[in-house]
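Residue numbers begin at 1 in each chain, while the letters A, B, ... track the order of the sequences. Since the structure is predicted, the reported quantities are computational estimates derived from the model, not experimental observations.
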Amino acid sequence: MSATPESKAAVTELTGGPIDELQWRGLIAQSTDEQALRSVMAAGPITYYCGFDPTAPSLHIGNLVQLLTMRRIQEAGHLPLGLVGGATGLIGDPRMSGERVLNSTDTVAEWVDRIRTQVEKYLDFDGRFAARIVNNLDWTAPLSAIDFLRDIGKHFRMGRMLGKETVSARLNSDDGLSFTEFSYQILQGMDFLELNKRYGCVLQTGGNDQWGNLTSGTELIRKVTGNEVHALATPLITKADGTKFGKTESGTVWLDPALTSPYAFYQFWINSDDRDVDRYLKVFTFRDAEGLAELAEATAGRPHAREAQRALAGDVTTLVHGQAATDQVIAASGALFGRGEIAAVDEPTLTAALSEAGLTDITGPLPTIVELLQISGLASSGSDARRTIAEGGANINNQRISDPDHVPDVGDLLAGGLLVLRRGKRTVAGVRLRS
RNA sequence: GGUAGGUUGCCCGAGUGGCCAAAGGGAGCUGACUGUAAAUCAGCCGCGCAAGCUACGGGAGUUCGAAUCUCUCACCUACCA
């Protein structure tokens with residue numbers, strides 16, 4: 001059920017080196033001794049890990065960077081440990097924005113299951129470099145407070161802990177910082193130590209914002225075992241316009257199709273800025289340098305074709321939601337944004353497209369365009385709807401409507417009793433008349 | 001605890017009795033251009049078809065009339081201690 005079977009086949013022997021690969025893809029923000037890491041990796045398969053905390057019912061596209069980084073390293077011939085934070089999720093990583101509200105243990109347990117399933121999708125559990133899923137609750141829960149303080153706590157120095165960027169920022173904020181969140185870095189450090197003991201894990205990867213937590217583990221291992229282990233941080237993914245990556249008007253772009261529909265997911269990627277798309281292709285797809293050069297050329301020479309955006313959206317959607325969902329979404333997007341006659345689109349495609357975009361069932365006589373815009377959620381109020389119409393931004397079945405009192409005719413209904421409403425260039429919604 | 005200043009629409013910020021649904025900027029929306037991109041230009045940007053209604057921290061007043069004046073409560077800031 002993995003999205004790229006051909007890349008699975010690539011999991012064979014040690015190759016040139018994942019570090020070079022990660023580097024040209026722009027995936028290394030900082031690392032511990034890189035030369036040492038290179039030679040360790042060249043000497044044979046290593047075991048590495050990356051953790052995912054259950055802070056939500058699903059992972060999001062920010063986590064995808066980590067998942068794919070793990071995957072790339074596995075394909076280069078190393079053994080991944082996917083860690084789900086059953087324990088750390090109960091504590092909460094300190095954020096700049098203030099103290100977290102603790103989630104109930106039941107909630108966290110449920111999210112752990114969901115997230116484990118998601119992580120599993122991106123790793124290969126067969127063959128010589130088979131992945132393994134671990135849960136830090138397994139070694140954290142049995143630990144007594146006394147053992148924790150004596151065996152682990154003794155290795156952590158307050159000065160070092162207080163110096164962490166987020167910790168000091170929080171201490172200086174009005175919110176302050178609870179002991180609970182302050183302890184988080186110890187737990188994460190402990191994970192690395194535990195995985196080092198159990199599986200010989202020598203590398204932790206993570207986002208650059210996790211750097212403090214990553215090094216917390218490398219330092220703990222050095223103190224306890226005297227061994228040098230490594231940490232590798234991926235950069236924060238940015239957008240050329242300066243806004244936050246991974247958000248849309250409706251919020252976070254989740255990996256769970258129930259939270260972000262495959263259609264919305266695909267639309268997110270296809271709307272990528274020209275200035276960002278090449279970088280995203282490197283980070284989020286498995287295309288090689290040659291393929292990316294071609295796409296970069298396409299963006300420069302034939303920007304209107306949007307080849308790079310299509311490639312990006314297609315690849316990532318396939319990776320996350322599978323080929324079938326992607327085919328459907330591409331057909332849907334084509335139907336809604338295509339130049340062709342919308343009435344020519346077959347009913348299943350149209351229904352699927354509108355379901356993805358947002359479909360509302362109505363009964364009774366057909367309402368006016370003003371009401372339709374409100375019912376479908378395209379306009380927030382009657383005034384808003386009228387304004388849009390006056391501005392020439394309201395369309396039914398790709399026909400501009402300029403009369404606010406316009407009522408669509410039964411003859412306007414497409415197959416299945418559907419009407420395609422569009423506000424402006426790219427906001428589409430459907431209404432279906434149920435008799 | 002004392003004194004002074006502040007709290008305006010999604011955000012910033014003008015406005016000190018009628019001309020204020022409230023300047024200006026940002027965000028956002030729409031159009032033109034176009035490529036479901038960016039930039040640019042233009043329009044829009046509380047609710048209501050409208051009459052009108054609701055709004056300038058909360059409450060109570062003064063006035064024909066208040067975002068603007070008075071009282072009071074809450075919160076924030078600065079200086080004093």
Side-chain angles (χ1 to χ4, degrees), chain A residues 97 173-175 237-251 253 260-281 284 295-314 316-317 326 328-340 342 345 349-350 353-354 356-358 367-407 420-430:
Chain A
S97 51
S173 76
D174 293 339
D175 269 299
I237 306 298
T238 56
K239 283 173 70 179
D241 64 10
T243 57
K244 197 174 178 190
F245 172 79
K247 297 276 183 187
T248 65
E249 317 77 60
S250 43
V253 180
T260 298
S261 73
Y263 172 83
F265 190 85
Y266 182 86
Q267 287 294 323
F268 169 81
W269 293 105
I270 207 157
N271 278 310
S272 296
D273 195 308
D274 288 359
R275 294 169 293 178
D276 293 322
V277 69
D278 184 55
R279 228 159 16 92
Y280 294 172
L281 280 163
F284 293 101
L295 287 172
E297 200 179 316
T299 300
R302 306 182 295 281
H304 53 278
R306 304 176 65 73
E307 283 171 46
Q309 278 90 343
R310 285 178 211 286
L312 174 68
V316 186
T317 308
T326 304
Q328 217 167 9
V329 162
I330 290 175
S333 298
L336 298 181
F337 292 104
R339 295 256 183 263
I342 201 156
V345 179
T349 302
L350 196 58
L354 291 176
E356 296 279 4
T368 65
I369 177 68
V370 169
E371 291 166 320
L372 283 169
L373 287 171
Q374 288 182 84
I375 291 166
S376 62
L378 291 181
S380 61
S381 67
S383 296
D384 189 28
R386 282 167 197 282
R387 196 177 299 133
T388 302
I389 295 161
E391 290 169 336
N395 298 273
I396 294 179
N397 298 344
N398 285 340
Q399 293 284 313
R400 179 179 288 187
I401 305 298
S402 48
D403 174 14
D405 295 323
H406 175 85
V407 177
V420 177
L421 303 177
R422 181 163 51 83
R423 172 175 179 163
K425 275 197 296 189
R426 58 184 147 162
T427 317
V428 180

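- In this structure B:A55 sits in no base pair that meets the Watson-Crick or G-U test at under 3.5 Å.
- Remark: the A:Ser272 side chain and the A:Asp276 side chain contain no N/O donor-acceptor pair separated by less than 3.5 Å.
- Nucleic acid contact for A:Arg275: sugar-phosphate only, since backbone atoms but no base atoms lie under 4.0 Å from a heavy atom of the residue.
- Put simply, A:Arg386 has no side-chain N or O that comes within less than 4.0 Å of OP1 or OP2 on B:A50.
- We find that CD1 of A:Ile389 is positioned 14 Å from C1' of B:C29, with the value rounded to whole Å.
- In this structure, CG in A:Asn271 is found 5.5 Å from CZ in A:Arg426, a value given to the nearest 0.5 Å.
- Spacing between B:U34 and B:A38 at atom P, rounded to whole Å, works out to 16 Å.
- The pairing partner recorded for B:A74 is B:U7, the criterion being a Watson-Crick or G-U wobble arrangement whose two distances lie under 3.5 angstrom.
- For the pair A:Thr388 and B:C44, the criterion of a side-chain N or O lying under 4.0 Å from OP1 or OP2 is not met.
- A 3.5 Å limit on both hydrogen-bonding distances identifies B:U30 as the Watson-Crick or G-U partner of B:A42.
- B:C44 and B:G35 are spaced 25 Å apart, taking the C1' atom of each and rounding to whole Å.
- A gap of 15 Å separates the P atoms of B:U68 and B:U62, to the nearest Å.
- When heavy atoms are screened at a 4.0 angstrom cut-off, A:Asn271 is found touching base atoms of the nucleic acid.
- The base-pairing partner of B:C79, taking Watson-Crick or G-U wobble contacts with both distances under 3.5 Å, is B:G2.
- Nucleic acid contact for A:Arg306: base, since at least one base atom lies under 4.0 Å from a heavy atom of the residue.
- Across the strands present, B:U63 finds no partner; the criterion is a Watson-Crick or G-U wobble pair with both atom distances under 3.5 angstrom.
- Rounded to a whole angstrom, the distance from the P atom of B:G17 to that of B:A66 is 14 Å.
- You'll find the ring centres of A:Phe268 and A:Phe284 outside the 6.0 Å limit.
- Regarding contacts with the backbone of B:A37, a side-chain N or O of A:Lys425 is found under 4.0 angstrom from either OP1 or OP2.
- Contact check, A:Arg426 against B:G35: no side-chain N or O comes under 4.0 Å of OP1 or OP2.
- At the heavy-atom level, A:Arg400 lies under 4.0 Å from the strands shown only through sugar-phosphate atoms.
- When atom types are taken as modelled, the side chain of A:Ser376 and the backbone of A:Leu373 share a donor-acceptor pair closer than 3.5 angstrom.
- Between B:U36, B:U30, B:G48, one nucleotide has an atom nearer to the side chain of A:Gln267 than all others, and that is B:U36.
- To the nearest whole angstrom, the two P atoms, one in B:C75 and one in B:C64, are 35 Å apart.
- Rounded to the nearest Å, the gap between the P atom of B:A22 and that of B:U40 is 28 Å.
- Residues A:Ala305 and A:Val370 each lie close to RNA chain B; by heavy-atom proximity, the contact nearer the 5' end of the strand is made by A:Ala305.
- Taking atom C1' on both B:G61 and B:G15, the two are 23 Å apart, rounded to the nearest angstrom.
- In the interface, the side chain of A:Glu391 is not paired with the base of B:G31 through any donor and acceptor atom under 3.5 Å apart.
- In this structure, of B:G35, B:C47, B:A37, it is B:C47 that holds the atom nearest to the side chain of A:Ser380.
- A:Gln309 and A:Asp274 share a side-chain donor-acceptor pair at under 3.5 Å.
- Side chains of A:Glu391 and A:Thr388: no donor on one and acceptor on the other come within 3.5 Å.
- For A:Gln309, the side-chain atoms get nearest to B:G35 when compared with the rest of B:G35, B:U30, B:G48.
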